[in-house]
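The structure appears right after this line, and notes come after that.
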Amino acid sequence: MHVFTTNNDLQAHLEIERKKGKSVGFVPTMGALHAGHGSLIQAAKSQKDYVVCSIFVNPTQFNNALDLEKYPRTLSADIELLETMGCDALFCPSQTEMYPQGNQTDLIEFGALETVMEGAHRPGHFAGVATIVKKLLEVVQPHNLYMGQKDGQQCAIVAALLQKTGLDSTIKLVVCPTIRQANGLAMSSRNTRLNTQEAQDALAIYKSLVFAQKHYQNYTVSQMTEILELHFGCYASLKLEYVCFADAQSLQPVQAWADAAQVSLFVACFVGATRLIDNVRIF
Ligand code: AMP
């Protein structure tokens, strides 16, 4: 696997690959790779000739300095995993390479999409995400971009970004399913920060999602929301930020099941000091 740390080197290399007629699939990550990331690499490999993964812990998308400091960094293990998976190139730039003028973010308006859920609870988060994704796309210029449904709102923001910048004429966003542990917990780099008890308590997230999927028809949206909130309240280590039933397309909260053709449930919850998110389609 080729490893690049500068925009220029990666760009020059990819230009050669593209001239050979190779199509490029791109998987942006923040590292501490797990099977969820692996599934994106696999999808990219099955659909495109040349697969690029990036690892960059993007400071501008962290609204919490401690979260940024504690974010797991496991570059040598990540390289090993990517090599076993047959990834063609890794881009792991420095902070100054990506932010030569300091940590500035682009002002891109996402309207109602960024005022709910993660947008409401993590001020500036999506501005940081959009800024880094745009920078990376300008360097990699992939045909396909692979992202995970686990970060459903992020996928919607990136889809809007592609549309607003016109990049959607050359780049296709492929959203891949959430990969879970056998016990249901969604894979996340932050899971490594959970202690044994927290890892056990974190299962309440998936249990809530499955409960809502099974029983939503017996309750109103507000009743079901209250049941889930009570469920989270039973665990000392859990501090729920939100449960939100939302239109799966617009991501706007619904007040009644009939408000949307497709509804998803989104959850954000602190497990000890670690903030986890998850979502499933309800119908
Ligand atoms: P991250 O490194 O957490 O920024 O994630 C990089 C990409 O991997 C994003 O598109 C995530 O949505 C995706 N991803 C993270 N966890 C999972 C998972 N459990 N299943 C599928 N995709 C995931």
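In listed order, ligands and their atoms are each counted from 1.
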Quiz question: by atom type and distance under 3.5 Å, do the side chains of [X] and [Y] form a donor-acceptor pair?
X      : Y      : value
Glu198 : Tyr235 : no
Gln262 : Gln249 : yes
Tyr99  : Asn58  : yes
Gln47  : Tyr146 : yes
His143 : Tyr50  : no

- Message: As a quick check of understanding, evaluate side chain to side chain donor-acceptor pair (under 3.5 Å) for Asp49 and Ser23, giving each step before the final call.
- Response: CA-CA 5 Å; Asp49 304 319; Ser23 60; 3.1 Å; yes
Do any nitrogen or oxygen atoms of [X] lie less than 3.5 angstrom from nitrogen or oxygen atoms of ligand 1?
X      : result
Ile179 : yes
Cys176 : no
Ala186 : no
Met187 : yes
Ser188 : no

Looking at [atom], what's its closest protein heavy atom, distance included?
atom                    : result
atom 3 (O) of ligand 1  : Tyr71 OH, 3.8 Å
atom 6 (C) of ligand 1  : Pro28 O, 3.4 Å
atom 5 (O) of ligand 1  : His37 NE2, 3.4 Å
atom 11 (C) of ligand 1 : Asp151 OD2, 3.1 Å
atom 4 (O) of ligand 1  : Met30 CG, 3.6 Å

- Task: List the steps and the verdict of ring pair (Phe, Tyr, Trp, His ring centres under 6.0 Å) for Phe126 and Phe110.
- Result: CA-CA 9 Å; Phe126 285 129; Phe110 293 104; 7.7 Å; no
- Item | Per-atom contacts, ligand 1 versus Pro177 - under 4.0 Å to a heavy atom | 20 (N), 21 (C)
- Task: May I ask you to list the atoms of ligand 1 that are less than 4.0 angstrom from any heavy atom of Thr178?
- Result: 20 (N), 21 (C)
- Residues forming a salt bridge (Lys or Arg N to Asp or Glu O under 4.0 Å) with Arg180, sequence neighbours excluded: Asp278
- Task: Check salt bridge (Lys or Arg N to Asp or Glu O under 4.0 Å) between Glu138 and all other residues, then give those that pass, not counting sequence neighbours.
- Result: Lys134
Per [atom], closest listed option by heavy atom ([options]):
atom                    : options                      : result
atom 15 (C) of ligand 1 : Met147, Arg190, His34, Gln61 : His34
atom 8 (O) of ligand 1  : Leu40, Leu185, Ile132, Thr29 : Leu40
atom 10 (O) of ligand 1 : Ser39, Gly36, Gly148         : Gly148

- Message: Using a 3.5 Å distance criterion without hydrogens, assess whether the side chain of Asp106 forms a donor-acceptor pair with backbone atoms of Ile108.
- Response: no
